[in-house]
Structures are given as C-alpha cells and as structure tokens.
Amino acid sequence: MKLLNRSALMLQPRQPYLDWINALPSDVSELEQPLANGALDDEGRVYLVDEFEPEQGGEGTLASHWQRLFNNELSAWDEFGDHWPEPLSLSLLTEWFELKPLALAFDASDQTLMTAQL
C-alpha cells in the first residue's frame with residue numbers, strides 16, 4: 001500500500017443538487033423522469049487535492065479548489081453551463097453538497113495508476 005502525497009475532499013450530494021438536476025430541461029439532463037428523493041444518496045465523489053494537515057480540516061484547500069469541484073459536479077449534468085446557478089459560491093457548494101475533508105489518501109491497488117486530463 002502506498003501513501004499518496006495528496007489529501008482528499010469527499011462531496012456527497014444534498015437535496016438542492018437533486019432539485020437542480022430535476023429542474024433541468026429534459027434535452028439537457030436526458031432524464032426520462034425526475035430523480036426520486038434519495039436517488040443520489042449512494043453517489044459521491046472523492047477529489048484528490050494538495051496535502052493538508054488534519055488540524056487544518058481542509059479549509060484552505062477547499063478555498064483553493066471549490067470552484068473546480070463545483071464546476072465538475074454541475075457539468076456532469078449540464079456540460080455547457082447554460083443552466084448553472086448564478087453566482088456560484090463556496091456557500092452554495094456547501095448547501096448543495098456535504099463536504100468531508102480527508103487528510104490522508106492511500107493507494108491500496110497494485111495496478112498502475114492511470115490518469116486522464118478532463
């Protein structure tokens with residue numbers, strides 16, 4: 001097992017994000033029917049970020065990366081940003097997602113790590 005020189009921020013969707021998805025025009029979201037309450041409860045994303053000390057709680061890292069994370073989450077449903085909320089803010093991100101900072105990240109796989117630029 002390898003300790004990575006990264007920390008992580010985990011984002012878990014909250015109801016306002018689900019409400020936004022359901023309000024998107026069907027030609028944008030491509031949903032045949034609205035997502036039910038709790039439909040994204042098992043969804044979540046882990047973002048590797050610059051290392052931070054556990055006592056920092058990731059606040060500085062979140063301040064540096066919140067917009068990229070929010071943009072990525074929104075573009076998963078509205079690629080061109082035509083229906084994104086305005087203005088985007090850190091407070092809106094924390095309203096739409098539960099954020100959990102994780103100071104240590106380990107790679108438990110024996111497989112070679114592959115990356116792709118998004």
Side-chain angles (χ1 to χ4, degrees):
M1 190 165 336
K2 301 168 282 293
L3 174 64
L4 301 176
N5 64 333
R6 298 284 185 269
S7 292
L9 293 172
M10 186 168 75
L11 275 64
Q12 182 74 35
R14 295 181 194 241
Q15 189 63 42
Y17 182 61
L18 179 67
D19 294 342
W20 172 76
I21 293 168
N22 284 333
L24 290 171
S26 60
D27 63 318
V28 173
S29 71
E30 299 180 7
L31 289 174
E32 294 180 14
Q33 59 186 356
L35 296 172
N37 287 346
L40 298 178
D41 285 353
D42 293 334
E43 294 285 324
R45 307 281 189 275
V46 174
Y47 291 91
L48 296 178
V49 295
D50 300 330
E51 283 183 288
F52 57 81
E53 296 298 322
E55 53 274 356
Q56 292 175 328
E59 290 180 23
T61 299
L62 182 57
S64 298
H65 294 286
W66 73 265
Q67 192 159 10
R68 291 178 62 204
L69 277 56
F70 208 177
N71 289 354
N72 192 61
E73 293 296 327
L74 296 172
S75 67
W77 291 95
D78 179 10
E79 181 180 2
F80 300 107
D82 297 332
H83 303 280
W84 289 12
E86 290 185 15
L88 295 182
S89 66
L90 177 55
S91 64
L92 186 62
L93 176 70
T94 59
E95 180 183 329
W96 284 24
F97 295 90
E98 179 181 347
L99 291 113
K100 180 164 179 72
L102 306 165
L104 296 175
F106 293 89
D107 185 352
S109 175
D110 292 328
Q111 299 291 321
T112 303
L113 185 63
M114 297 178 64
T115 60
Q117 294 290 9
L118 299 178

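Owing to the predicted nature of the structure, the values given are computational and were not obtained by experimental measurement. Numbering of residues begins at 1 and proceeds along the displayed sequence.
- With hydrogens and angles disregarded, a donor-acceptor distance shorter than 3.5 Å links the side chain of Ser89 to the backbone of Leu92.
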Problem - Gln67 and Asn71: CA distance, side-chain angles, deciding distance, side chain to side chain contact (heavy atoms under 4.5 Å, CB included) verdict - result: CA-CA 6 Å; Gln67 192 159 10; Asn71 289 354; 3.9 Å; yes
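- Residues Glu51 and Ser7 share a closest heavy-atom pair of CA-OG, 3.4 Å.
- When the side chains of ILVMFWY residues are joined at heavy-atom separations under 4.5 Å, either directly or via intervening members, Leu18 and Trp77 end up in a single hydrophobic cluster.
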Exercise for the section: Determine, step by step, whether Tyr47 and Glu73 satisfy the side-chain hydrogen bond (donor to acceptor under 3.5 Å, both in side chains) criterion, reporting the C-alpha distance in whole Å, the side-chain angles of both residues, the deciding distance to 0.1 Å, and the verdict. Expected result: CA-CA 11 Å; Tyr47 291 91; Glu73 293 296 327; 2.5 Å; yes
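- In terms of modelled atom types and a separation under 3.5 Å, the side chain of Asp107 and the main chain of Lys2 share no donor-acceptor contact.
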Practice task
Take Ser75 and Phe80 through the test side chain to side chain contact (heavy atoms under 4.5 Å, CB included) and record every step on the way to the result.
Solution key: CA-CA 7 Å; Ser75 67; Phe80 300 107; over 6 Å; no
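- Leu3 shares a hydrophobic cluster with Met1, Leu104, Phe106; the chain of contacts runs through ILVMFWY side chains whose heavy atoms sit under 4.5 Å apart.
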Handout entry: Derivation and outcome, side chain to side chain contact (heavy atoms under 4.5 Å, CB included), residues His83 and Val28
Key = CA-CA 9 Å; His83 303 280; Val28 173; 3.7 Å; yes
Practice task
Take Trp66 and Leu88 through the side chain to side chain contact (heavy atoms under 4.5 Å, CB included) test and state the conclusion after the steps.
Solution key: CA-CA 10 Å; Trp66 73 265; Leu88 295 182; 4.1 Å; yes
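- Counting all heavy atoms, side chain and backbone alike, Trp20 lies closest to Leu74 at CH2-O, 3.5 Å.
- When all heavy atoms of Gln12 and Gly44 are compared, the closest pair comes out as OE1-CA, 4.1 Å.
- Judged purely by atom type and a 3.5 angstrom limit, Arg14 uses its side chain to pair as donor or acceptor with the backbone of Phe97.
- Nearest approach of Ala103 to Phe52, heavy atoms of both residues: CA-CE1, 3.8 Å.
- Within 6.0 Å of the NZ atom in Lys100, the count of heavy atoms belonging to other residues, nucleotides or ligands does not exceed 12.
- The shortest non-hydrogen separation linking Leu11 to Leu93 is CD2-CD1, 4.0 Å.
- The cluster map of Ile, Leu, Val, Met, Phe, Trp and Tyr, joined by side-chain heavy atoms under 4.5 Å apart, puts Leu48 and Leu62 in different clusters.
- The local environment of CG in Asp82 is crowded, with over 12 non-hydrogen atoms from other residues, nucleotides or ligands closer than 6.0 Å.
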Problem - side-chain hydrogen bond (donor to acceptor under 3.5 Å, both in side chains) between Asp19 and Gln15, intermediate numbers included - result: CA-CA 6 Å; Asp19 294 342; Gln15 189 63 42; 2.8 Å; yes
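- With ring centers used as reference points, Phe70 lies under 6.0 Å from Trp96.
- Hydrophobic cluster membership is shared by Leu99 and Leu90, with clusters built from Ile, Leu, Val, Met, Phe, Trp and Tyr side chains linked at under 4.5 angstrom.
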